[in-house]
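By convention in this document, chain letters (A, B, ...) are assigned in the order of the sequence lines, proteins followed by strands, and residues within each chain are numbered from 1. Note that the structure is a prediction, hence the values are computed from the model and not measured.
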Number of protein chains: 4
Amino acid sequence: MSDKISGIFTPHMVPLDDQGRIDEAELRRYVDWLIEKGVHGLYPNGSTGEFIRFSPEERRLIVKIVCEQAAGRLPVLAGAAEANVRETVAACEAYAGFGARAVAIVSPFYYRLSPESVYAYFREIAQHSPIDVTLYNIPMFASPIDVPTIRRLAELERIVGIKDSSGDLAFMMRMIAAVRPMRPDFSFLTGWEAVLVPMLIVGADGGTHATSGVVPELTRMMYDLTRRNEIDQAMKLQFRLLELFDAMLYSADFPEGFRAAVELRGFAMGRSRQPLSSAQQVNRDHLQQILRCILADFGYVEPPPEGCPPRAPNLERHRVNQITSEVVEALRKRGML
Amino acid sequence: MSDKISGIFTPHMVPLDDQGRIDEAELRRYVDWLIEKGVHGLYPNGSTGEFIRFSPEERRLIVKIVCEQAAGRLPVLAGAAEANVRETVAACEAYAGFGARAVAIVSPFYYRLSPESVYAYFREIAQHSPIDVTLYNIPMFASPIDVPTIRRLAELERIVGIKDSSGDLAFMMRMIAAVRPMRPDFSFLTGWEAVLVPMLIVGADGGTHATSGVVPELTRMMYDLTRRNEIDQAMKLQFRLLELFDAMLYSADFPEGFRAAVELRGFAMGRSRQPLSSAQQVNRDHLQQILRCILADFGYVEPPPEGCPPRAPNLERHRVNQITSEVVEALRKRGML
Amino acid sequence: MSDKISGIFTPHMVPLDDQGRIDEAELRRYVDWLIEKGVHGLYPNGSTGEFIRFSPEERRLIVKIVCEQAAGRLPVLAGAAEANVRETVAACEAYAGFGARAVAIVSPFYYRLSPESVYAYFREIAQHSPIDVTLYNIPMFASPIDVPTIRRLAELERIVGIKDSSGDLAFMMRMIAAVRPMRPDFSFLTGWEAVLVPMLIVGADGGTHATSGVVPELTRMMYDLTRRNEIDQAMKLQFRLLELFDAMLYSADFPEGFRAAVELRGFAMGRSRQPLSSAQQVNRDHLQQILRCILADFGYVEPPPEGCPPRAPNLERHRVNQITSEVVEALRKRGML
Amino acid sequence: MSDKISGIFTPHMVPLDDQGRIDEAELRRYVDWLIEKGVHGLYPNGSTGEFIRFSPEERRLIVKIVCEQAAGRLPVLAGAAEANVRETVAACEAYAGFGARAVAIVSPFYYRLSPESVYAYFREIAQHSPIDVTLYNIPMFASPIDVPTIRRLAELERIVGIKDSSGDLAFMMRMIAAVRPMRPDFSFLTGWEAVLVPMLIVGADGGTHATSGVVPELTRMMYDLTRRNEIDQAMKLQFRLLELFDAMLYSADFPEGFRAAVELRGFAMGRSRQPLSSAQQVNRDHLQQILRCILADFGYVEPPPEGCPPRAPNLERHRVNQITSEVVEALRKRGML
């Protein structure tokens with residue numbers, strides 16, 4: 001239980017049935033598939049897993065199912081943030097009982113708290129948790145955890161690592177420089193797969209990547225190649241992953257693009273609990289066609305029967321804008337706008 | 001029940017006992033006091049009320065207590081955001097049963113959603129809610145609701161108003177210009193009491209102000225003066241309220257400064273569910289001394305026995321910085337840093 | 001020369017001839033027109049005046065022309081920021097010689113400087129300037145000047161006011177609360193005409209508004225009505241000005257929308273020194289049609305021969321987005337995207 | 001002259017004499033030293049070189065001196081942004097005459113322009129420039145240049161590269177993916193030396209680094225090691241450079257920390273044109289002591305006679321904060337605050 005947390009952990013999504021409930025059978029099938037495809041660990045109740053859209057009871061059920069299905073084949077890092085410290089600690093206790101390796105606790109969100117409050121929050125959790133705790137820094141969504149605060153928190157034995165989703169390599173290096181000398185066992189995970197290979201090169205121990213729930217073979221291969229120091233080959237895959245990542249991330253509100261992609265791998269994910277407008281549903285269908293073509297390039301799925309158009313990286317948005325503004329202008333001239 | 005929502009609604013805090021549980025008796029006493037002091041409505045489960053730090057069951061209990069205690073003496077606007085649409089609608093049903101006038105739903109938070117997603121979210125809630133819905137825009141903490149989206153949502157009869165906490169007067173005017181012609185019954189409430197009087201002048205129907213939980217007499221007086229067109233007098237109070245507001249807002253992580261102030265009015269609020277470090281506790285004690293002096297100026301509390309120092313607006317921070325940097329420098333020279 | 005700076009100052013644009021040079025005759029004609037229409041002062045070399053796109057020699061020429069043409073009929077507040085303190089002081093000397101009432105110095109831009117650096121910068125200028133200095137706070141474009149820094153700078157007699165373009169009413173009130181008690185002669189001007197009337201109500205002495213270069217009659221009327229305490233009437237105009245302001249500000253990169261509007265008032269402004277793409281030129285033509293209709297509503301210009309469509313405030317963008325996304329989708333289906 | 005721009009270019013500072021004028025002799029001596037220490041190119045009039053604080057005539061003089069002194073020993077990339085397109089093109093012509101390899105043009109600053117305006121601006125310059133142009137993207141200070149815009153601009157032969165100071169590796173990869181296939185000669189330079197080695201690994205051709213003006217031996221060594229695929233060794237230096245970089249960047253307003261460091265290498269840089277307050281001067285002296293110790297670790301300078309304290313990375317700020325808050329509290333208790 002005291003191994004350093006490392007490798008690729010999948011912050012997986014949760015399949016829902018047509019009533020919007022957790023689809024336990026499909027979740028178990030998905031867990032098996034991820035393990036089979038080579039991920040190093042599982043991470044239920046992450047941001048990708050839409051933890052905030054489930055009830056506290058559902059969050060527990062998700063971790064229970066995942067721990068059971070993993071059955072010791074790989075470690076589980078369970079998202080355990082609840083409404084307050086007391087309930088978070090209760091979740092930690094439950095997840096320890098389910099056999100999780102550690103919990104991940106996102107920094108306080110909604111309110112933007114000061115570093116001192118962030119420190120006080122994690123310290124109190126660490127003092128009461130019966131299971132190892134990893135910090136989760138995602139400044140885009142939650143109160144940022146700065147380097148001095150990480151350093152102070154690393155003085156607590158119960159805190160064993162941090163997942164950082166900023167994507168900032170210099171920040172990763174600053175954390176490592178501040179903490180590793182005193183805590184060689186402290187684990188640094190990146191949540192930004194767009195730069196997975198560079199992050200590993202500068203010293204990260206692994207990552208928790210939404211993309212690994214879509215193409216677990218690919219992220220595993222990138223990890224292995226980098227560890228074997230085959231950087232050129234790893235970087236080639238990094239560029240190809242970036243195209244996939246950008247398509248999933250920027251074409252729909254997170255994490256809907258990832259849900260659309262997981263479906264292409266053969267899992268029935270169900271409708272998101274965040275409703276889609278009809279315009280968004282149309283865009284999602286279009287996105288799925290694009291994703292199918294990208295995934296087909298890797299050989300992970302069949303290409304669409306009608307074939308795929310040639311892709312020019314990053315240009316689509318530009319052309320869309322151009323054509324759109326021409327069309328709008330045409331409509332205006334006709335008084336339709 | 002179909003009156004336009006207007007006036008000052010108090011997004012009140014929730015007293016906790018020494019076990020950290022809701023202190024029902026103190027909450028009822030606080031509700032009575034607020035009503036007696038003249039607030040126009042109550043707003044449980046707002047940001048000030050730390051809705052996110054309570055469990056779903058506690059949130060319901062809070063609304064139930066408040067509705068019971070209000071007993072029809074004034075309308076209750078109940079914060080009803082839950083983990084997803086289905087649970088939010090269930091809360092709406094419960095709060096309708098408790099006798100709330102309407103619910104307030106904060107825009108989706110944690111994830112930053114696009115306008116289209118914000119629209120889809122509120123539309124689905126509005127379609128299923130048995131009780132009037134007000135939108136809650138707080139771009140500092142949650143996905144922003146832009147003017148075109150507000151305009152689209154105002155086409156739904158069930159949506160009867162918006163609370164905006166941006167503090168941006170031009171934004172308030174844009175909302176009013178876009179919606180009022182088609183929906184004269186639609187209510188515009190500001191959540192930024194720093195500019196309450198100007199907001200009323202440009203057309204807001206009222207506000208939901210954390211400060212009204214501290215000095216309900218004052219915010220009521222400002223409202224009444226403005227409505228009677230005694231702008232000069234109202235603005236004098238606005239300047240005095242600004243000093244109090246800034247002290248509560250910027251001297252501690254929100255809403256701890258407001259908790260410290262409510263205590264001075266004679267209510268036992270208990271320790272926040274967000275832990276304070278020892279340094280923060282010291283700062284809080286100091287803040288409370290400052291707040292006591294400000295509140296004593298209004299005659300709302302007794303001044304401290306040792307008296308109050310003369311206050312120079314906005315200068316304290318400057319002097320603190322100056323002296324601090326001199327002290328730090330002195331310590332450095334002696335090798336203590 | 002020691003009167004408090006107050007009223008509406010126009011940060012006017014500079015007409016260019018077809019070689020892109022300053023069109024002196026047209027500038028003089030424009031100055032005369034602004035004076036005739038009732039502005040209280042002129043403000044050459046502001047952000048609206050694109051000071052940064054002129055050479056140092058041209059900036060001096062502009063101030064010289066404006067001071068000459070004003071000929072004492074109203075005060076001139078001359079933008080004097082140059083590459084560094086020494087050259088800024090030299091400009092101050094020149095503008096004093098031209099007869100300017102005061103200079104306006106924008107906070108250091110490009111680099112984002114700390115409050116301490118902002119203070120040191122303005123202090124050094126104030127110590128050497130032979131002419132009164134007003135601070136210019138535009139946090140959107142330049143290093144912010146915070147309240148404690150304004151308070152420190154207000155200790156220098158040479159500094160006589162501040163123009164703030166943040167549009168934040170609470171910030172205006174904080175400045176006034178911090179400075180007015182010790183410096184009743186210190187002038188507070190707002191640069192955000194979207195909230196001109198509320199700013200005057202909370203205590204601002206006036207404003208420097210790009211819009212006053214387009215509709216000087218209107219901003220003057222708003223000022224006079226507010227000063228006469230006819231708030232309802234002033235606010236009606238404020239709402240109408242907001243529509244015009246938003247159209248000029250958000251439909252093109254600043255200040256191109258204002259240039260397009262000034263042309264409608266009968267001045268040949270010439271092409272901007274910031275090139276426009278052909279798509280932008282098309283949008284500008286369309287914007288000008290919209291502006292013509294808004295200005296015609298006020299009776300300031302003739303409506304277009306083909307008449308104006310009915311306007312629904314704030315809805316156009318929404319409809320454009322909706323139709324655009326439908327069109328794009330249609331094109332996609334046909335493989336054109 | 002048509003070689004691809006690659007390697008480490010130094011955006012050097014400009015020594016000033018005690019009258020604040022350009023110190024030509026010291027600048028020539030500095031140029032010689034940089035060349036001798038192995039930088040691949042020189043970059044006058046960059047952000048580090050405080051281009052904006054010099055007059056147009058001074059900017060030209062700087063490039064003239066640097067080109068003369070370089071005398072063909074290495075390429076010069078001359079910052080050429082002036083007040084508008086016409087004057088920028090005139091500078092391009094002058095710098096071509098001086099023998100510069102190319103010019104670097106920062107994206108329009110002060111105003112935040114749209115991508116379409118950024119495109120129009122660079123296109124017009126490229127159409128008229130007699131010398132190769134590199135784009136300069138520094139979103140912290142100037143209008144951002146997004147990937148589709150870079151792609152469009154790369155269609156113009158005259159534009160031969162981009163310097164990006166965002167420090168975002170994924171952005172670098174997106175640029176490379178979008179442009180390199182069609183323009184293999186297009187040069188990608190990073191301006192963020194905190195991640196120089198990772199940037200080279202993902203495909204950057206080199207960098208323009210303020211730090212290379214302080215420790216040119218070090219940045220050159222990092223470049224050479226990375227090119228020889230000795231990544232482990234390069235990363236060890238990257239971590240050490242990060243400490244130096246952070247100390248220079250975050251301890252004073254940019255670029256004052258770099259000026260303090262260059263002085264330690266033996267050059268008389270003179271006082272900045274941005275004035276320092278007395279408090280800032282004290283901080284600068286303290287910073288210089290820290291920098292001396294870091295540089296002494298590399299063997300580049302002598303350690304101070306009193307020796308250096310042990311350094312704990314990233315902790316100083318934390319300790320300063322802690323002690324400061326204790327001290328402030330003590331002063332408060334005694335009524336001194």
Next item on the list: Tell me, for C:Glu116 versus chain B, whether the close heavy atoms (under 4.5 Å) come from the side chain, the backbone, both or neither.
Entry: neither
Next item on the list: Let me know if C:Val202 has heavy atoms under 4.5 Å from chain B in its side chain, its backbone, both or neither.
Entry: both
Item checked: Proximal component of C:Ile231, with respect to chain B [non-hydrogen, under 4.5 Å] -> side chain
Notebook entry, point to check: Contact part of C:Leu169 toward chain B, heavy-atom cut-off under 4.5 Å: side chain, backbone, both or neither?
Noted result: both
Notebook entry, point to check: Hey, what do you get for CG (C:Asp246) to CE (B:Met173), rounding to the nearest 0.5 Å?
Noted result: 9.0 Å
